[in-house]
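Data block below; observations after.
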Amino acid sequence: MAVDAVTAVAGALVGVVVGLTGVGGGALMTPILLLVFGVAPHTAIGTDLLFAAATKVVGTAVHHNAGTVDWRIVRRLACGSLPAALATLAWMQWSGAGRISAGVLINAVAVALLITALGMLFKERLHAFGRHLRVDLPQRFKAVQPGLTVLTGAVLGVMVTLTSIGAGALGTVALVYLYPLRLTPAKLVGTDLAHAIPLALVAGLGHLLLGNVDFALLGNLMLGSVPGVLLGSLLSTRLPQQRVQQAIAVVLGLVALKLLWVR
């Protein structure tokens, strides 16, 4: 494998954001691969899924050692996301959807980015609403928490498998609503990272079987991502994540608009 410094730097930058906020594995890397490196949509999505799974192992290890992963929530999300990812991969294989046109895939990525950006911008309002329900209707809210968490995982499973986007950004948005008192900012990031690993791995291996992974590209991204995600994870408790995520949301929205115009 020939080392590509530019690709490695891109992996490092995305790795820092992943470790810092839990966001960026797909929401940033897939658009970078499409717009900056000119990678085909199928390959960008498949390669990014395995990249996300590998980079988030490092971040999760840091958060686990710090005690900032809620494994009960991870299991609930995985109960929905993994079967949904497998079902989506099966549909792609059996229906021939593994060869969806590039234009359709780019549009799907753009829509996923817009949804992600809106979710990140309204994250604090959802958190406040969830806190209100949790405090005023504690028994009813806690009764539906497990089911809604599994359902959230299922939605993420479908979305991530099709576009590689959503596990980080939309996952954290859903969790601040579903667990407004239980998850601190650091636990929110750690828990979301931990859930993203099996989801991205299952979806990524499925895309590998469909022939949608570029190993040379993946290797270069990994060269920079490992130190990047480690640094981001160490900084996650020291930097103002709200401001960082708002800036990322604006960037994602602009990138989504750009993708909608790409032909």
message: Angle between ring planes, Phe129 versus Tyr177, binned at 30° and 60°: parallel, tilted or perpendicular?
response: parallel
task: Indicate yes or no for a side-chain donor-acceptor contact from Ser225 to the backbone of Ala12 under 3.5 Å, with no hydrogens or angles considered.
output: no
query: Taking atom CZ of Phe51 and atom CG of Leu221, what is their separation to the nearest 0.5 Å?
result: 5.5 Å
- prompt: Leu188 and Phe141: same hydrophobic cluster, using ILVMFWY side-chain contacts below 4.5 Å?
  reply: yes
message: So Pro41 and Val109, do their side chains get closer than 4.5 Å, heavy atoms only?
response: no
task: Kindly indicate whether the side chain of Thr163, heavy atoms from C-beta on, has any atom under 4.5 Å from the side chain of Thr30.
output: no
- line: For Ala117 and Gly253 the tightest heavy-atom approach is CB-N, 3.9 Å
query: Would you say the side chain of Val160 lies within less than 4.5 Å of the side chain of Leu49, judging by non-hydrogen atoms?
result: yes
Side-chain (Asn212) to main-chain (Leu208) donor-acceptor, under 3.5 angstrom: no
- request: Report whether Val150 and Trp71 are members of the same hydrophobic cluster (ILVMFWY, side-chain heavy atoms less than 4.5 Å apart, transitive linking).
  value: no
- request: Carefully, step by step, assess Leu183 and Asp70 under the rule side-chain contact (heavy atoms from CB on, under 4.5 Å).
  value: CA-CA 8 Å; Leu183 294 178; Asp70 190 317; 4.0 Å; yes
task: Report the distance from atom CZ of Arg76 to atom CG of Leu148, rounding to the nearest 0.5 Å.
output: 10.5 Å
query: With distance as the sole criterion, is a donor-acceptor pair present between the side chains of Thr191 and Tyr179 under 3.5 Å?
result: no
query: So His207 and Met92, side-chain contact (heavy atoms from CB on, under 4.5 Å) or not? Walk me through it.
result: CA-CA 10 Å; His207 277 270; Met92 293 175 70; 3.9 Å; yes
task: Give the C-alpha distance, both sets of side-chain angles, the deciding distance and a yes or no for side-chain contact (heavy atoms from CB on, under 4.5 Å) between Thr47 and Val39.
output: CA-CA 10 Å; Thr47 303; Val39 178; 5.8 Å; no
query: Heavy-atom distance under 4.5 Å between the side chains of Ile115 and Val111, does that happen here?
result: yes
task: Would you name the heavy atoms of Ala10 and Ile32 that are closest together and state the gap between them?
output: CB-CG2, 4.4 Å
query: Is there a chain of hydrophobic side chains (I, L, V, M, F, W, Y, each step under 4.5 Å between heavy atoms) that links Val69 to Leu175?
result: no
message: How close do Thr116 and Ile165 get, counting heavy atoms only, and between which atoms?
response: OG1-CG2, 3.6 Å
- line: To the nearest 0.5 Å, atom CG of Asn220 lies from atom CG of Asp214 at 9.0 Å
Any side-chain heavy-atom pair of Gln93 and Leu209 under 4.5 Å: no
field: Distance, nearest 0.5 Å, that separates CG of Leu82 from CZ of Arg75
entry: 13.0 Å
- prompt: What heavy-atom pair brings His195 and Ser81 nearest, and what distance separates the two atoms?
  reply: NE2-OG, 2.8 Å
- prompt: Between the main-chain N or O of Leu178 and the side-chain N or O of Gln145, is there a donor-acceptor pair closer than 3.5 Å?
  reply: yes
Any side-chain donor near an acceptor of the partner, Ser164 and Asp48, under 3.5 Å: yes
query: Would you say the side-chain atoms of His127 pair up with the backbone N or O of Pro180, donor to acceptor, closer than 3.5 Å?
result: yes
- request: Quick one: pull up OG1 in Thr172 and CG in Leu193 and give me the separation to the nearest 0.5 Å.
  value: 9.5 Å
query: Where do Arg182 and Ile73 land on the side-chain contact (heavy atoms from CB on, under 4.5 Å) test, with the steps shown first?
result: CA-CA 10 Å; Arg182 181 168 174 167; Ile73 296 176; 4.0 Å; yes
query: Hey, quick one: are Val9 and Val36 part of the same hydrophobic cluster, counting side-chain heavy atoms closer than 4.5 Å, chains of contacts allowed?
result: no
- request: Would you check if Arg134 and Lys142 make a side-chain contact, meaning some heavy-atom pair closer than 4.5 Å?
  value: yes
field: Distance (rounded to the nearest 0.5 Å) between Phe37 CZ and Thr43 OG1
entry: 14.5 Å
- request: Of all the heavy-atom pairs spanning Ala194 and Val74, show the shortest one and how long it is.
  value: CB-CG2, 3.8 Å
task: Taking all heavy atoms of Ala78 and all of Pro83, pick out the closest pair and write down the distance.
output: O-CD, 3.6 Å
query: Looking at side-chain heavy atoms only, is the closest gap between Leu35 and Val255 below 4.5 Å?
result: yes
message: Does any part of the side chain of Ile45, heavy atoms only, come nearer than 4.5 Å to the side chain of Thr161, both counted from C-beta?
response: no
query: Are Leu50 and Ile197 co-members of a hydrophobic cluster defined by side-chain heavy atoms under 4.5 Å apart?
result: no
